[in-house]
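Input: a single structure, listed below in structure tokens.
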2 protein chains.
Amino acid sequence: MPQGQPTTVPDDGLTTRQRRNRPLLFVHTGIGKGKSTAAFGLALRAWNQGWPIGVFQFVKSAKWKVGEENALKVLGASGEGGTVDWHKMGEGWSWVQRDGQLDNEEKAREGWEQVKRDLAAETYKLYVLDEFAYPMHWGWIDTDEVVEVMRNRPGTQHVVITGRNAPDALIEAADLVTDMSKVKHPMDAGQKGQRGIEW
Amino acid sequence: MPQGQPTTVPDDGLTTRQRRNRPLLFVHTGIGKGKSTAAFGLALRAWNQGWPIGVFQFVKSAKWKVGEENALKVLGASGEGGTVDWHKMGEGWSWVQRDGQLDNEEKAREGWEQVKRDLAAETYKLYVLDEFAYPMHWGWIDTDEVVEVMRNRPGTQHVVITGRNAPDALIEAADLVTDMSKVKHPMDAGQKGQRGIEW
């Protein structure tokens, strides 16, 4: 809001309907708050459409996103909207049988391999690849490969990638990119994170 | 992530615990996507903490936020987390008995009056004042009054205000401000909004 209108009509040979239903690649980057929260907010819309949703958390965190995880699991199990599968690096990577043997880089790569398998199988209609910009930024996962996989993914599968320092090639390939800029943050005033707000 | 640490220790006479539990005022502004979706993502965390949540939609929209609304209502009714009350300008302003007589400016003011009553009564622990920056920007609601009400609100009530063109005085008063900048949007390439993504 206000209601947007396309500023150009593209010469891509697609009908409006085809264009409207085009699979989208979102990137939420920048140093401000809201990158992941906006991705999970988007998942609420997908859930409401009855879409199967796959969440992949790519950076192991002491606090994870427990609020979002519990909420989306309750929604997924409610029988009213779409389903939700929630995978965590090193925990919910349930297809990884080896335990404790892999370092974080290997675990991130295992997750990416699974994302590729799910995209090929069209397992989900919305993929939340949370913090996935980091392993690309760190060089653990090849950005060019990610771009190629995204470009060639079959069907109508929407993907949201979050994290600071999203590589330029990813931004170039994305349909929608939002940069969350920090204007002001409580930590600047000595505030530590608090329950219900930061996790 | 990465885990933040306060850069300064404030000389405010508060203990870390008191400071940690300080009520926060969030502002999500800017022309990019994600302002409202991040606010609703935050509501998932609040719900997971068992907090009562009040959502107030301040701008009447053809599409509202049906995905978020349905999801939060299912969560609120699940009995597992907090409760959710969802108010829409001109619809869910259920305390307004007159029908069709008020213009949008009056309806926005009615909503704000109710927010003030709820803040005074400590009805909710999280308030999502969605698109509330617009009526302030348009001069329908006095920003100085909003700032004063926010400064003097009792207890621990967190408030998120979304919308473009958040007034400077509001940004000054806020604890956390994120500016969602548009890097790229499908509408620039002639894409219209699509179900499950835009609503």
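Just so you know, these numbers use all the heavy atoms, side chains as well, and skip hydrogens, waters and symmetry mates. Since the model is a prediction, treat every value here as computed from it, not as a measurement. Just so we're on the same page: letters track the sequence lines, and every chain starts at 1.
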So the side-chain hydrogen bond (donor to acceptor under 3.5 Å, both in side chains) pairs with at least one residue in residues 75-85 of chain A (sequence neighbours excluded) are A:Asp85-A:Tyr124

So the ring pair (Phe, Tyr, Trp, His ring centres under 6.0 Å) pairs with at least one residue in residues 21-52 of chain A (sequence neighbours excluded) are A:Phe40-A:Trp86, A:Trp51-A:His158

Max heavy-atom pairs within cutoff under 4.5 Å with chain B, candidates A:Gly41, A:Gly32, A:Ala39, A:Gly30, goes to A:Gly41

Counting heavy-atom pairs under 4.5 Å with chain A, the top scorer among B:Leu42, B:Val27, B:Leu44 is B:Leu44

Please check: side-chain N/O of B:Gln157 versus main-chain N/O of B:Pro154, any donor-acceptor pairing under 3.5 Å?
yes

Checklist line | Sidechain N-carboxylate O distance under 4.0 Å for A:Arg109, A:Glu105 | finding: yes

The interface call for A:Ile171 against chain B, heavy-atom contacts under 4.5 Å, is both

